[in-house]
Amino acid sequence: MALEFRSVTKGFEVAGSANMLTALKDISFKTGEAEFVAVVGPSGCGKSTMLNMTAGLYQPTEGEVYVSGSRVSGPNSHVGFMLQKDLLLPWRTIESNVAFGLESRGFSKAECRERAVAQLDKCQLSGFGDYFPHQLSGGMRQRAALARTLAIDPEVILLDEPFSALDAQTKIIIQKNFASTIESEKITTLLITHDLAEAVFMADRILVLSDRPGRVIEEIIVDIPDRGDPTKRRQHSRVTEYIGHMFELLKLQDREVLN
Ligand SMILES: Nc1ncnc2c1ncn2[C@@H]1O[C@H](COP(=O)(O)OP(=O)(O)OP(=O)(O)O)[C@@H](O)[C@H]1O
Ligand SMILES: [Mg+2]
């Protein structure tokens with residue numbers, strides 16, 4: 001399988017105290033190849049920490065994380081990571097941003113360029129390679145960041161709320177764009193989101209986490225066709241059923257303030 005968490009617990013030291021803060025508790029799950037898994041849960045329950053451990057930036061306190069059968073023990077070049085902010089380098093053109101991750105992997109200049117151009121094309125940005133990030137819209141910048149993430153040919157991509165800063169209309173278009181690109185590239189994906197509807201529109205499976213320390217309360221299989229097409233899924237009659245179920249699991253009706 002592509003990605004596996006085996007009984008993972010993560011604690012952080014608390015500054016000025018001997019206590020540990022347990023962010024995640026005993027998380028176990030496996031993804032299949034090319035599966036798209038969304039993770040939802042309250043603020044502070046450890047979602048970003050899960051991604052950081054998958055990328056090898058943090059180590060679990062207990063348990064292990066595996067990517068493509070190998071235990072993650074440090075920063076992992078088979079994992080692509082994308083955040084809410086696009087983190088494109090402002091002084092490089094879009095093409096050179098997409099080529100950035102390839103340069104350190106020993107590709108020749110011509111190969112870097114060729115791959116960057118091909119990836120920009122897949123992400124519907126052909127013709128914008130010579131632009132600088134500030135000359136693109138927010139949605140285009142996110143597509144450029146996806147192109148950069150895909151250019152390294154990752155086995156797994158990690159998305160930490162990549163659409164949450166976009167306006168409602170751009171978000172719909174970019175979700176569709178990401179979903180179809182990821183589906184055609186057949187890459188295993190872990191998407192963190194606060195948007196329950198987005199999880200239903202995009203994922204094969206949703207992990208619902210509890211309040212901190214985050215545990216998996218339920219794994220929901222999204223049994224709706226057209227995974228690569230969120231705009232089609234949006235119209236499906238079962239969407240509200242799934243959202244309502246997560247609403248109850250997360251006890252959103254009882255929540256007055258977010259921690
Ligand atoms: N590097 C760190 N050092 C200490 N504590 C940390 C560190 N990273 C995360 N934490 C703590 O771990 C808990 C989980 O944080 P995390 O960022 O994973 O939550 P999250 O589910 O992504 O929240 P949000 O939805 O608000 O982004 C929080 O209490 C946070 O303070
Ligand atoms: Mg987070």
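Both counts, for ligands and for their atoms, begin at 1 and track the order of listing. One-based numbering along the sequence shown.
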Novice: Do you see a donor-acceptor pair shorter than 3.5 Å between the side chains of D160 and S48?
Specialist: yes
Novice: Just so I know, are the side chains of T193 and V39 near enough to count as touching, which here means a heavy-atom distance under 4.5 Å?
Specialist: no
Novice: Just to confirm my output: which protein heavy-atom neighbour is closest to atom 23 (O) of ligand 1, and how far is it?
Specialist: G44 N, 2.8 Å
Novice: Purely on distance, is any nitrogen or oxygen of C45 under 3.5 Å from one on ligand 1?
Specialist: yes
Novice: What are the protein N/O/S atoms, named by residue and atom, that sit under 2.8 Å from the Mg ion (ligand 2)?
Specialist: S48 OG
Novice: Are there protein heavy-atom neighbours of atom 26 (O) of ligand 1 below 4.0 Å?
Specialist: yes
Novice: Would E155 and S68 count as having a side-chain donor-acceptor pair, cut-off 3.5 Å?
Specialist: yes
Novice: Just wondering, do R234 and I172 contact through their side chains at under 4.5 Å, heavy atoms?
Specialist: yes
Novice: Using side-chain heavy atoms (C-beta onward) and a distance below 4.5 Å, is E64 in contact with F5?
Specialist: no
Novice: Considering only non-hydrogen protein atoms, determine which one is nearest to atom 5 (N) of ligand 1 and report residue, atom name and distance to 0.1 Å.
Specialist: F12 CG, 3.3 Å
Novice: Where on M50 is there a heavy atom closer than 4.0 Å to ligand 1, on the side chain, on the backbone, on both, or on neither?
Specialist: neither
Novice: Evaluating non-hydrogen atoms only, which member of K10, K47, H194 is closest to atom 21 (O) of ligand 1?
Specialist: K47
Novice: Look at atom 30 (C) of ligand 1 and say whether a protein heavy atom is found at less than 4.0 angstrom from it.
Specialist: no
Novice: Determine whether the side chains of T49 and N52 contain a donor N or O and an acceptor N or O closer than 3.5 Å.
Specialist: no
Novice: Among all protein non-hydrogen atoms, which one is nearest to atom 1 (N) of ligand 1, and what is the separation to 0.1 Å?
Specialist: Y58 OH, 3.2 Å
Novice: So, regarding G46 and ligand 1 (criterion: nitrogen or oxygen to nitrogen or oxygen, under 3.5 Å), is there a contact or not?
Specialist: yes
Novice: What do we get for L209 next to ligand 1 when only non-hydrogen atoms under 4.0 Å count, side chain, backbone, both or neither?
Specialist: neither
Novice: Got a second to check how far K10's NZ is from I27's CD1, nearest 0.5 Å?
Specialist: 13.5 Å
Novice: ring-ring contact (aromatic ring centres under 6.0 Å, His included) between F12 and Y58: does it pass, once the steps are laid out?
Specialist: CA-CA 10 Å; F12 289 106; Y58 297 163; 5.5 Å; yes
Novice: What distance separates S180 OG from D229 CG, expressed to the nearest 0.5 Å?
Specialist: 7.5 Å
Novice: Against heavy atoms of R212, which atoms of ligand 1 measure under 4.0 Å?
Specialist: 28 (C), 29 (O)
Novice: Less than 4.5 Å apart, side chain to side chain, heavy atoms only: is that true for F36 and E183?
Specialist: no
Novice: Among I220, T240, V239, find the residue that satisfies the side-chain contact (heavy atoms from CB on, under 4.5 Å) test when tested with V200.
Specialist: V239
Novice: Counting heavy atoms only, which of T49, V40, L51 is nearest atom 16 (P) of ligand 1?
Specialist: T49
Novice: Please report the C-alpha distance between L191 and F163 in whole Å, then the side-chain angles of each, then the deciding distance to 0.1 Å, and finally whether the side-chain contact (heavy atoms from CB on, under 4.5 Å) criterion is met.
Specialist: CA-CA 10 Å; L191 167 76; F163 314 114; 4.2 Å; yes
Novice: Are any of the N or O atoms of S48 closer than 3.5 Å to those of ligand 1?
Specialist: yes
